[in-house]
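A quick note: this is a predicted structure, and the numbers were derived from the prediction, not measured. Count residues from 1 along the sequence. When a ligand or atom number is given, it counts from 1 through the structure's own listing order.
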Amino acid sequence: MIKLKGKGVSTAIAIGKARVLGNSLPAIQKREISDTSAEISRYFDARALAISQLRDIHKRALREVGETSAQIFEIHQMMLEDEDYNESILSIIHDGVCAEWAVFSTCQSFSELLSSMEDGYMRARALDIKDISSRLISCLEGEKTGEDVAEKCIICAYDLSPSETVLLDKDKVLAFVTSQGSQSSHTAILARNMGIGAVVSVGEELLSSVRDGDILCVDGYTGEIIVNPDADSLLKMQTRKEENERQKELLRELKGKPSVTLDGTRVKLYANIGSPSHIGEAVFNDAEGIGLFRSEFLYLDSPEYPSEEAQFLAYKKVLEGMQGKRVIIRTLDIGADKQAPYFALPREENPALGLRAIRICLSRPEVFKTQLRALYRASAYGRLGIMFPMIVSVDEVIRIKELCTLVMAELETQGVPFSREVELGIMIETPASAIIADLLAPLVDFFSIGTNDLTQYTLACDRQNPSLDEFCDTHHEAIMRLIDRATRCAHENGAWVGICGELASDLSLTELFLRMGIDELSVSPSYILSLRDTVRKIDLRL
Ligand code: PEP
Ligand code: MG
C-alpha cells in the first residue's frame, strides 16, 4: 500500500483500477535466456504490435483532436524504429538477457541522457522514450494497453491537456489523477463538469508508484490517493464513499425547491457545461439554466473548423434540452491552454496574454461569423444568451455588436428563422473590463464574471502553475472589489450579473456574493444542489 497526496479539484470519491497513460515504466525482472534468436523475434513481434496500436491511435486522434495533436503518435511510431534505440535493445538481448529487460535498460539510459540535456525540447523527449518503452513492454508481456480498456478505470497521467482529455472515453473514466495540473486548469474543470473525482498536482511519484491495474482509492475532496489499499484502508474509503453518496442523495430532496434565502432573495443557479452531452447532468441536478456553455470544446473535439451546420445542431440540442430555460453560450475561447491545431496559432512567449478568445474572433471574422450564424439560427429553439470572452475595451463590444447586427440582417434576407430576443453579454474576466464596467454595462444585457481568469490576471498568477498556489489567494480583496464594482455598474445600467468562474461554487463566498447583489451563479452541475442548500440557509437581514 502506498499513500500519495495531491490537490482534490473535483469533489467525488472513486475506487477502481488504475489506467496509466503513457510514460510509466513497470519494474522489470532481469531474466537470462538461452535462445537469443527466438527472443529477438519475440521482440520484433512486440514492436510490430506496438506500431500497429500506435497507427490505430493516430487515426482516432486525427479524427478527434486534429493533426497537430495527433502527430505525437506518428513520432512514437518512428521512435520505435529508431536505429540507436533498436541497436541498444538488440545488443542487450544478444548478451543473453530477456527482451523486457533490454527495453527497460535501454529506456533508462536513453531517458537519463535526454533528461540531462540543456534543450527543453530534448528533455521533454525523455517522457516519449518512457512512453514507447512501456508500450513495448506491455506488448511483450501480452498485456492490454490502455486506450481500449473495457472496464471503468481511474486515469493516471503526468498531465492531461484539454485535447487529450476530450480524446478519452468518458463513459469509462471514474476519476482523473495527474502529476501536474492546477485547480483551475481545464482538465479539472472538465472533471467537475462530468461529475467525477479528480486529484491533480500529485508530483513525480505518481507515475513511479502506480501501475496499470493497481487498485486506487481517490478522494477528490482531500486529494488523498491510496495505491493498493490494505483491507482496513479500503473499508474506510468505501464507507466514506457510501456516506458521500448518501449525502448527495439527501441533497436530491432539494430538486424542484426554489433557490431562495430565508429573507426571500432569489438567486438563479445555473450549470456550466462543456458539451451538449453534459445537458443530462445539468437537468438531473435541477439546473435553472445554463450559465456557461464553453463552445470551444466543439472546436477542440473536431479535426477541422466545425461547420455552421454542425454548430447549429449542437447549440439547438442544448437549447431544446433545457426546454425554454435560459442558455448562455460563450463564443469561442481558444488559445492559451486550449489549442486546436487547425487554427495554426503562432507560438507565443506568453499565450495567456496573447492571441486568444475574442481577439482571435475579431482577427478572423469569417470564423466568428460562422459561429454567430449558427448561434442565431439556434436561437429559434429556446431562450439564448450569447456571451463574449476576454473583453478589455468598449471598442471590442461595439465591433461585436456590429457583426451580430450584420448576421441578423443576413439571416433575415435569407428568410432563416431566428429570435430577436437573444441577450448579449460579456465576460468580466480581465481587470480592465471590471474597471471600465460603467462604460461596458450600457452596451450589454448582462455580465458574467469569469473569476478563473479574473484571478489570474489580477494577481498575476498563471492559473496553470500549481507552484503559485501560496501566492494565489482566490479570496483576495482586489478580486472581491472588482466583482463588487462590476455588479454595481451592471445594476446601475439595467444589466444583470452572474458569476461563472469556479468561485461561484465556493460556498464560503455565497453569502458575500448575494450581499453584493449577484443575480446568478453558474457552477458544474454536480455542485448545484449543495449551493441551493447553502443559499436556503442564508438570511440577508442579519
Ligand atoms: C473564467 O475565466 O472564470 C471562465 C469561466 O472561463 P474559462 O475558465 O473557460 O477561462
Ligand atoms: Mg476565462
Problem set entry | Cation-pi geometry met for R377 and F312 (6.0 Å, 45°) |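 Satisfied, under 6.0 Å and within 45°.
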Exercise. Of all N, O or S atoms in D453, which has the smallest distance to the Mg ion (ligand 2)?
Worked result: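 D453's closest N, O or S atom to the Mg ion (ligand 2) is named OD2.
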Exercise. Is the Mg ion (ligand 2) less than 2.8 Å from at least one N/O/S atom of E429?
Worked result: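 True for E429.
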Problem set entry | K5, NZ: over 12 other non-hydrogen atoms inside 6.0 angstrom |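 Atom NZ in K5 is packed in, count exceeds 12.
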Exercise. What part of R330 sits under 4.0 Å from ligand 1 if we count only heavy atoms: the side chain, the backbone, both or neither?
Worked result: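 Within the 4.0 Å criterion, R330 contacts ligand 1 through side-chain atoms alone.
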Exercise. What about the rings of Y305 and F343, do their centers lie closer together than 6.0 Å?
Worked result: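 Aromatic pair counts; centres sit under 6.0 Å.
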Problem set entry | Per atom 8 (O) of ligand 1, closest listed option by heavy atom (R463, E429, E502) |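 Looking at heavy atoms only, the winner is R463.
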Exercise. Does the ring of F284 carry K255 above it, NZ/CZ under 6.0 angstrom from centre and within 45° of its axis?
Worked result: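 The answer is yes, since K255 meets both limits relative to F284.
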Exercise. For ligand 1, which part of K338 has a heavy atom less than 4.0 Å away: the side chain, the backbone, both, or neither?
Worked result: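 For K338, only side-chain atoms sit under 4.0 Å from ligand 1.
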Exercise. Counting each atom of ligand 1 from 1 as listed, which ones have a heavy atom of G501 under 4.0 Å away?
Worked result: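 Result: 3 (O), 5 (C).
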Exercise. With a 4.0 Å heavy-atom cut-off (strictly under), which part of L292 contacts ligand 1: side chain, backbone, both or neither?
Worked result: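 Just the side chain.
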For this session: Not counting sequence neighbours, which residues clear side-chain contact (heavy atoms from CB on, under 4.5 Å) with C461? List them please.
Result: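 Testing C461 for side-chain contact (heavy atoms from CB on, under 4.5 Å), a comparison that skips the adjacent residues, returns L459, L468, F471, C472.
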For this session: Inspect the contact between R532 and E288 and indicate whether a charged nitrogen and a carboxylate oxygen are less than 4.0 angstrom apart.
Result: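 Counted as a salt bridge, because a side-chain N and a carboxylate O are separated by less than 4.0 Å.
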For this session: Run the numbers for me: atoms of ligand 1, each under 4.0 Å from some heavy atom of R294, listed by number.
Result: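 Answer for ligand 1: 4 (C), 5 (C), 6 (O), 7 (P), 8 (O), 9 (O).
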